[in-house]
Protein chains: 2
Amino acid sequence: MTPMKSALSLPDRIIAAFDSLPEQLGQAARYILDNPNDVALLSMREQARRAGVKPWTMTRLARRLGYAGYEDIREESAAALRRAALGFSGRAGAQAAREEGGGEDGLMTDIAQIVGNGVTRLAEPATMKELAAAAALISGARRVYCLGLRAGYPVAAQFAYLMSFLDDRAILLGRGAGTDLDAMRHAGAEDVLFAISAAPYTGATIETARYAARRGVPVLALTDSPVSPLAAIASRSVIVSTDSPSFVHTMTPALAAVEILASLVVARGGAKALEAIAATEEQLAQLNIHLYAPQRTQP
Amino acid sequence: MTPMKSALSLPDRIIAAFDSLPEQLGQAARYILDNPNDVALLSMREQARRAGVKPWTMTRLARRLGYAGYEDIREESAAALRRAALGFSGRAGAQAAREEGGGEDGLMTDIAQIVGNGVTRLAEPATMKELAAAAALISGARRVYCLGLRAGYPVAAQFAYLMSFLDDRAILLGRGAGTDLDAMRHAGAEDVLFAISAAPYTGATIETARYAARRGVPVLALTDSPVSPLAAIASRSVIVSTDSPSFVHTMTPALAAVEILASLVVARGGAKALEAIAATEEQLAQLNIHLYAPQRTQP
DNA sequence: ATTGCAATGCAACATTTGTTGCATATCTTT
DNA sequence: AAAGATATGCAACAAATGTTGCATTGCAAT
């Protein structure tokens with residue numbers, strides 16, 4: 001049977017050891033972390049191929065993590081997969097999958113399904129815990145600098161927009177011509193840098209986060225992996241999935257995450273926060289910004 | 001891609017053929033039916049052992065069911081397992097949180113669930129049809145003006161960003177100080193205005209769309225209702241859900257919709273589009289924009 | 001500069017994998 | 001009962017799998 005020296009699961013072991021892994025082993029570890037399902041479903045050599053690594057590296061990684069060999073990892077992973085697929089009637093899933101087959105409809109269905117899943121997964125305990133911690137951090141901050149470049153920009157923008165209903169603490173970076181560092185000149189330990197980036201990580205985002213961290217500004221990360229360069233810098237990290245059959249990684253779960261985050265901040269703000277929102281909406285109505293006044297259906 | 005000779009799933013095929021199977025083949029078939037998970041997780045020989053059958057019987061069964069060999073069965077089963085495992089952890093987390101009752105966890109779970117549902121619902125036939133039509137419209141356009149204000153801005157920005165991988169046809173509006181109409185001065189019937197707005201509709205978006213329509217520019221709407229003021233103006237409308245227990249309507253399904261849209265446009269662009277993307281990524285890598293060069297895992 | 005050690009590459013290994021061609025057994029039909 | 005078809009068993013196959021011992025590289029401490 002499996003040695004089971006400790007109760008640590010494969011991803012936990014990888015995360016724990018990740019920082020001390022050299023390049024090749026790290027690349028292999030990263031792949032496993034990002035594609036946990038493939039571990040039992042693909043041959044080791046195939047995984048090595050996809051991870052861009054030699055087959056032996058996988059065996060060596062397994063050894064380093066405390067297993068006898070990669071086969072042990074595959075067995076543990078298979079057991080986990082079995083458990084995960086328990087409630088699932090093989091028929092329905094397989095049929096659905098096959099019918100969705102190919103063509104435009106297939107692509108659309110695949111994206112909707114997988115991305116939708118990424119959103120739903122935000123309800124996982126570990127993620128919820130981090131979201132709650134993030135909300136606490138933001139709620140207590142004097143100012144919240146929101147930084148997202150390229151694909152992360154829409155997410156940062158949406159968060160800053162949502163926060164603007166409450167007060168003027170949120171500041172959106174990344175709009176000007178590289179003036180972000182200027183804007184952060186007055187940032188301190190009472191503020192927060194909310195940085196958003198997923199693979200392939202935008203260099204400027206990482207650098208800015210690093211700069212902030214060095215200056216003692218708490219960094220809150222929204223990223224795609226517990227071992228992303230952003231997570232390494234941040235004091236807290238919310239991890240979301242960016243998996244998608246599309247030609248780029250999806251930012252949809254990340255957007256959902258910031259919407260949740262904003263809601264949590266509001267919830268923590270209590271009656272006062274709700275008042276602020278009402279006031280903002282009133283104001284917008286008077287400015288004739290909106291065609292129809294917002295109608296609350298579910299408070 | 002997969003050949004997809006027929007749309008029948010493995011269990012269906014087995015059931016259909018079961019009565020006409022001889023003893024040994026039937027025993028093998030029975031085992032697969034009872035242990036669908038093991039198909040991809042155990043080697044064929046191991047399954048044969050457990051089923052009390054010789055290994056060749058498995059191959060022969062596969063052939064009889066219309067597959068080239070047992071390996072085909074294992075691959076199909078692996079794909080199904082992947083999907084099943086994806087849905088699991090999300091659902092489990094949700095259930096657990098629900099049992100714990102309300103509070104912050106309850107709010108998070110609710111949002112994740114409902115918003116995730118909104119994303120998944122993009123796969124509804126009616127929506128898919130509109131998405132496909134929208135993709136066709138955009139693919140054929142000379143320029144695509146992307147307009148989203150306030151909550152719609154991140155969505156418009158993301159779409160413009162994704163399109164920028166392909167070419168420079170997409171133009172993001174709403175950034176300047178009310179200069180949108182200026183930017184659209186040269187818009188004509190060969191162009192498209194992609195307008196994004198949900199209740200409460202931003203007045204300026206509607207007005208701009210109306211202006212464009214009057215000038216003969218086709219308007220593509222991404223909005224929350226078939227009877228929204230934007231849909232009334234547009235020649236085509238993609239309808240997404242904005243329902244959320246949050247204090248504002250969610251833009252997450254809308255973001256997913258534009259990601260799908262961009263993917264469809266790429267798909268329609270064929271090899272040429274993929275080349276353009278590759279070239280863009282190459283360019284980004286050379287500019288050192290990204291920390292890690294994008295690594296395609298599934299070509 | 002040199003030693004030492006960790007990291008990676010390489011060739012080869014013994015196994016195991018899924019499959020095949022042919023022989024034998026079993027059943028069906030006449 | 002004979003003939004023909006079908007089902008099963010067997011030995012062997014090439015291909016792929018996970019692993020190993022040793023050589024080479026690269027880096028850090030001396």
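Model, not experiment: these values are computed from the prediction. First the proteins, then the strands, lettered A, B, ... as listed; each starts at 1.
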Please tabulate, one pair per line, each protein N/O and nucleotide N/O from nucleotides 4-7 of chain C that are separated by under 3.5 Å, including the distance.
unit_1	atom_1	unit_2	atom_2	d
C:dA7	OP1	A:Arg64	NH1	3.4
C:dA7	OP1	A:Arg64	NH2	3.3
C:dA7	OP2	A:Arg64	NH1	2.9

Are there any protein N/O atoms within less than 3.5 Å of an N/O atom in nucleotides 13-17 of chain C, and if so, which ones and at what distance?
unit_1	atom_1	unit_2	atom_2	d
C:dT17	OP1	B:Ser43	OG	2.9

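Closest approach to the B:Trp56 side chain among D:dG18, D:dC10, C:dG9 is made by D:dC10 (side chain taken as heavy atoms from C-beta onward).
Residues satisfying the side chain to side chain donor-acceptor pair (under 3.5 Å) criterion with A:Arg236, sequence neighbours excluded, are A:Glu130. Evaluation of the side chain to side chain donor-acceptor pair (under 3.5 Å) rule for B:Asp167 yields B:Arg169 as partners, not counting sequence neighbours. For A:Phe159, the ring pair (Phe, Tyr, Trp, His ring centres under 6.0 Å) partners at least two apart in sequence or on another chain are A:Phe194. Annotation: side chain to side chain donor-acceptor pair (under 3.5 Å) contacts of A:Arg49 (sequence neighbours excluded): A:Glu46. Residues meeting the salt bridge (charged side-chain N to carboxylate O under 4.0 Å, His left out) test with B:Arg45, sequence neighbours left out: none. In terms of the side chain to side chain donor-acceptor pair (under 3.5 Å) criterion, A:Ser77 has no residue partners (sequence neighbours excluded).
Rounding to whole angstrom units, CG of residue A:Leu42 and C1' of D:dG18 are separated by 15 Å. Distance A:Arg60 CZ to C:dT8 P: 9 Å, rounded to the nearest Å. Going from atom OH of B:Tyr70 over to atom P of C:dT19 covers 10 Å, rounded to whole Å. Between the CG atom of A:Leu61 and the P atom of D:dT19 there is a distance of 12 Å, rounded to whole Å. Rounded to whole angstrom, the span from the CD atom of A:Gln47 across to the P atom of D:dT19 amounts to 12 Å.
Checked by atom type, the side-chain pair B:Glu259/A:Ser244 shows no donor-acceptor distance below 3.5 Å.
Counting only residues at least two apart or on different chains, the salt bridge (charged side-chain N to carboxylate O under 4.0 Å, His left out) pairs with a member in residues 218-230 of chain A are A:Arg30-A:Asp224.
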